[in-house]
Amino acid sequence: MRRDCVRSYGGEWFEGLAADEQFEVLRDLSGFCIQARATVKDGPEGVRAGIRPTHTSAVLITPGQLPAQLTKIINLPRNERVKKFRLLVALLGGTDKRRRERSCAVGCTLPGTIQSGINASDSG
């Protein structure tokens, strides 16, 4: 495992967590991916996170039924946790990138985004 890839995805922080906290983070990331409407098409983005395509989590992300596959991924053995973390962070990032490209192509009006030229103090 390349240490620089782990650092770039918050791996040092993740590795410093207790086992039960790591599981909670993985479960939450999985939920965020589903909430962000990740699709199987977003899977390759996750695999490009520095995980070999032959790693179990990378193999599981490509078939259909993403929610079921994410459940399988977060329940893989503990020695796979850093790989799972990196995959899920990259999957969420790729999903968010796709969403912004599609929804913000002519200016973003998504909730939680700041539009150019509008200040919070202007909202009355």
Side-chain angles (χ1 to χ4, degrees):
M1 169 172 38
R2 290 181 38 206
R3 300 295 298 177
D4 58 335
C5 284
V6 173
R7 281 189 203 103
S8 69
Y9 288 101
E12 282 185 349
W13 167 79
F14 182 76
E15 287 179 302
L17 297 175
D20 58 334
E21 293 173 317
Q22 287 180 343
F23 182 80
E24 288 176 22
V25 167
L26 293 171
R27 184 192 61 216
D28 290 348
L29 276 172
S30 174
F32 298 153
C33 288
I34 292 168
Q35 186 177 19
R37 296 189 178 108
T39 67
V40 175
K41 293 177 184 177
D42 297 316
E45 183 71 30
V47 174
R48 285 191 289 269
I51 299 171
R52 283 182 281 175
T54 56
H55 283 156
T56 306
S57 54
V59 171
L60 287 172
I61 201 73
T62 53
Q65 301 298 321
L66 192 61
Q69 296 305 96
L70 290 173
T71 299
K72 290 177 186 178
I73 289 169
I74 65 171
N75 287 304
L76 288 171
R78 285 186 185 176
N79 65 341
E80 297 275 330
R81 284 197 171 161
V82 172
K83 294 173 195 168
K84 295 185 284 187
F85 175 76
R86 289 170 45 207
L87 176 77
L88 292 174
V89 168
L91 177 64
L92 183 58
T95 301
D96 187 59
K97 179 182 175 191
R98 177 181 45 80
R99 177 186 66 96
R100 288 179 187 277
E101 287 171 351
R102 182 184 64 236
S103 300
C104 299
V106 293
C108 201
T109 59
L110 294 171
T113 58
I114 299 173
Q115 294 178 351
S116 165
I118 297 176
N119 291 322
S121 61
D122 292 344
S123 60

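Of the inter-residue distances, the one linking D96 atom CG with E101 atom CD reads 10.0 Å to the nearest 0.5 angstrom. Here the CG-CZ distance, from L88 to R27, works out to 13.0 Å after rounding to the nearest 0.5 Å. Here the OG1-CG distance, from T56 to L87, works out to 11.0 Å after rounding to the nearest 0.5 Å. Atoms CD1 and NZ, from I73 and K84 in turn, are 9.0 Å apart once rounded to the nearest 0.5 Å. Put simply, CD on E80 and CZ on F85 are 15.5 Å apart, with the number rounded to the nearest 0.5 Å.
Annotation for I74 and L26: closest pair CG2-O, 3.6 Å, computed over non-hydrogen atoms. Between A36 and T95, the shortest heavy-atom contact is O-CG2, 3.2 Å. Scanning all heavy atoms of the two residues, the minimum distance from K72 to L60 falls at CB-CD1, 4.0 Å.
Side-chain contact between L91 and L29: absent, with no pair of heavy atoms (C-beta onward) separated by less than 4.5 Å. In this structure the side chain of F14 reaches within 4.5 angstrom of the side chain of R81, judged on heavy atoms. At a threshold of 4.5 Å between non-hydrogen side-chain atoms, the residues V25 and W13 count as touching. Counting heavy atoms from C-beta outward, L66 and I34 have side chains that stay 4.5 Å or more apart.
Put simply, the side chain of E21 gets close to the backbone of A18: a donor and an acceptor are under 3.5 Å apart.
The salt bridge (Lys or Arg N to Asp or Glu O under 4.0 Å) test applied to D28 returns no partner, not counting sequence neighbours.
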